[in-house]
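Data first, discussion second: the structure below is written as structure tokens.
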Amino acid sequence: MDRTVARSGKGLRWIRGPTEGETFIEVQQRLLKEREMRIKKALDKLRSKRKLLRTQRRRREFPIISVMGYTNSGKTTLIQALTGDTNLHPRNQLFATLDVTAHGGLLPCRMPVIYVDTIGFLSQLPHNLIESFSATLEDVIHSDLLIHVRDISHPEADNQKKSVLSVLQNLKVPQKLLETMIEVHNKIDLVEIHDPGDTAIPVSALFGVGLDELKQRVQSIVMTNTERLIVTIRVNLESPQLSWLYKEASVQEVKVLPEDGSADVLVMITSAMYGKYKKLFCK
């Protein structure tokens, strides 16, 4: 049996060459089937990783923002622009992100959030992979906000939007998430004239255009969807109150009152954590 070498994202690997009696069409069908199986195994492998991400998120109560859209729409580039994560390397190829990756970022108010880079949608996805692909998007149900990134320069941009919305409806995404989803029209640097309408935000993730407006929109919706409060709490500087707030909330400002050894702390905090704070320190 002949074997040839092929280069993949993980280096070199052996692939089986044609066997005796195989026609060219049969070889192509076998190679496509083998590739389909590799993709399917990779998609199925994500289930345990998604559960781990959800567990970590619930433990730390970080808002999670799922960024979704078609392959090559610029999802990874946008996350890189929003987080400043230089370790992200966008690639112009199908299934470039065959994994669910999470990236920490800060909102303008300095509140930490997690951006989840989902697997890109594909046109004419093989029927046998539709179920596995849809399963990788189950995480969006557990998000606090969805960002739908569209390559507005793509000739099939409108049809791609319909496909994404159809998948979300089939996944039974909560209506609240659908109603607050942010639609981003990316790659406006590639079009001469563009009308984003009343709700979409035009950006160029590559050149940083429109990011300030997007960040403010993200912050506003995350605050509402996660029921976060902005409150001023007076703390005793000799107690662990201030360090607890730095760990469990987003501290915006600290005004020290030296005459009585206390401080007024402006914080952004979830209702649940605020209740926990009062239980610990306001007895």
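Basis for what follows: all heavy atoms, side chains included, without hydrogens, waters or symmetry-related copies. Note that the structure is a prediction, hence the values are computed from the model and not measured.
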Is there a side chain to side chain contact (heavy atoms under 4.5 Å, CB included) between Lys33 and Gln29 once you walk through the steps? CA-CA 6 Å; Lys33 184 65 177 178; Gln29 289 176 336; over 6 Å; no
Would you sort out whether Leu214 and Leu82 count as a side chain to side chain contact (heavy atoms under 4.5 Å, CB included), showing the intermediate values? CA-CA 9 Å; Leu214 176 57; Leu82 291 172; 4.2 Å; yes
Start with the C-alpha distance between Gln252 and Met111, add both sets of side-chain angles, then the distance that settles side chain to side chain contact (heavy atoms under 4.5 Å, CB included), and finish with yes or no. CA-CA 9 Å; Gln252 306 294 299; Met111 179 171 65; 5.6 Å; no
Could you give me the CA-CA distance, side-chain angles and deciding distance for Asp117 and Thr76, then say whether side chain to side chain donor-acceptor pair (under 3.5 Å) is met? CA-CA 7 Å; Asp117 192 354; Thr76 305; 2.6 Å; yes
Full working for side chain to side chain contact (heavy atoms under 4.5 Å, CB included) between Met68 and Val140: CA-CA 9 Å; Met68 55 195 309; Val140 303; 4.2 Å; yes
Could you walk me through whether Tyr277 and Gln241 pass side chain to side chain donor-acceptor pair (under 3.5 Å), step by step? CA-CA 8 Å; Tyr277 171 86; Gln241 290 170 280; 2.7 Å; yes
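For the pair Val218 and Leu107, the minimum side-chain heavy-atom distance is below 4.5 Å. Put simply, the side chain of Asn186 does not reach to within 4.5 Å of the side chain of Arg150, judged on heavy atoms. The shortest distance between side-chain heavy atoms of Tyr115 and Lys75 does not fall below 4.5 Å. Taking 4.5 Å as the limit, every side-chain heavy atom of Gln160 sits out of range of all side-chain heavy atoms of Val164. Contact check for Ser143 versus Ile65: no side-chain heavy atoms found under the 4.5 Å cut-off. Annotation: side chain of Ser204 is not in contact with side chain of Lys187 (no heavy-atom distance under 4.5 Å). Residues Met181 and Glu179 are not in side-chain contact: their nearest non-hydrogen atoms beyond the backbone lie 4.5 Å or more apart. Taking the side chain as every heavy atom from C-beta outward, Asn225 and Thr180 approach each other to under 4.5 Å.
Residues Asn236 and Gly261 approach most closely at OD1-O, 3.6 Å, considering heavy atoms. Of all non-hydrogen atoms in Cys109 and Gln219, the two that sit nearest each other are N-OE1, 2.8 Å. Residues Pro63 and Asp144 come closest through the heavy atom pair CA-OD2, 3.2 Å. When every heavy atom of Leu177 is checked against every heavy atom of Ile141, the shortest pair comes out as CD1-O, 3.9 Å. Of all heavy-atom pairs spanning Gly210 and Ile201, the tightest one is O-CG2, 4.1 Å. Taking every heavy atom of both residues into account, Ser250 and Arg110 meet most closely at OG-O, 3.5 Å.
Between the side chain of Thr224 and the main chain of Ser220, a donor-acceptor pair closer than 3.5 Å is present. Side-chain atoms of Thr83 come within 3.5 Å of backbone N or O of Ile79 as a donor-acceptor pair. Within the 3.5 Å criterion, the main-chain N or O of Glu227 finds a donor-acceptor partner in the side chain of Ser271.
Val254 and Leu257 fall into different hydrophobic clusters, where Ile, Leu, Val, Met, Phe, Trp and Tyr are joined by side-chain heavy atoms under 4.5 Å apart, directly or via other members. The hydrophobic clustering, which links ILVMFWY residues whose side-chain heavy atoms are closer than 4.5 Å, places Val149 and Val191 apart. The hydrophobic cluster containing Leu211 does not contain Ile152, counting ILVMFWY residues as joined when their side-chain heavy atoms lie under 4.5 angstrom apart, directly or transitively. Side-chain heavy atoms closer than 4.5 Å link hydrophobic residues (I, L, V, M, F, W, Y) into clusters, and following such links, possibly through other members, connects Val222 to Val184. Note: the hydrophobic cluster containing Val231 also contains Val265 (ILVMFWY, side chain heavy atoms under 4.5 Å, direct or indirect links).
For the atom pair Ser73 OG and His154 NE2, the distance stands at 10.0 Å (nearest 0.5 Å). Separating the OG atom in Ser262 from the CZ atom in Arg234 is a distance of 5.0 Å, to the nearest 0.5 Å. A distance of 9.5 Å separates CD of Gln80 from NE2 of His103, quoted to the nearest 0.5 Å. A distance of 12.0 Å separates CD1 in Ile221 from CD in Gln216, rounded to the nearest 0.5 Å. For the atom pair OG1 (Thr71) and CG (Asp151), the distance works out to 11.5 Å, reported to the nearest 0.5 Å. Note that the CG atom of Leu146 and the CG atom of Leu178 stand 7.0 Å from one another [nearest 0.5 Å].
Among Val203, Asp189, Ile188, the one residue that satisfies the side chain to side chain contact (heavy atoms under 4.5 Å, CB included) test with Val209 is Ile188. Of the listed residues (Val113, Ile114, Thr226), just one forms a side chain to side chain contact (heavy atoms under 4.5 Å, CB included) with Phe62, and that residue is Ile114.
At a threshold of 4.0 Å, the pair Glu248-Lys276 does not count as salt-bridged, since none of the basic side-chain nitrogens sits closer than that to a carboxylate oxygen.
Geometric assessment of Lys278 against the ring of Tyr274 yields a positive cation-pi assignment under the 6.0 Å and 45° thresholds.
Applying the 6.0 Å contact sphere to CG of Asn170 captures more than 12 heavy atoms from other residues, nucleotides or ligands. The number of heavy atoms from other shown groups lying within 6.0 Å of CD (Glu259) is above 12.
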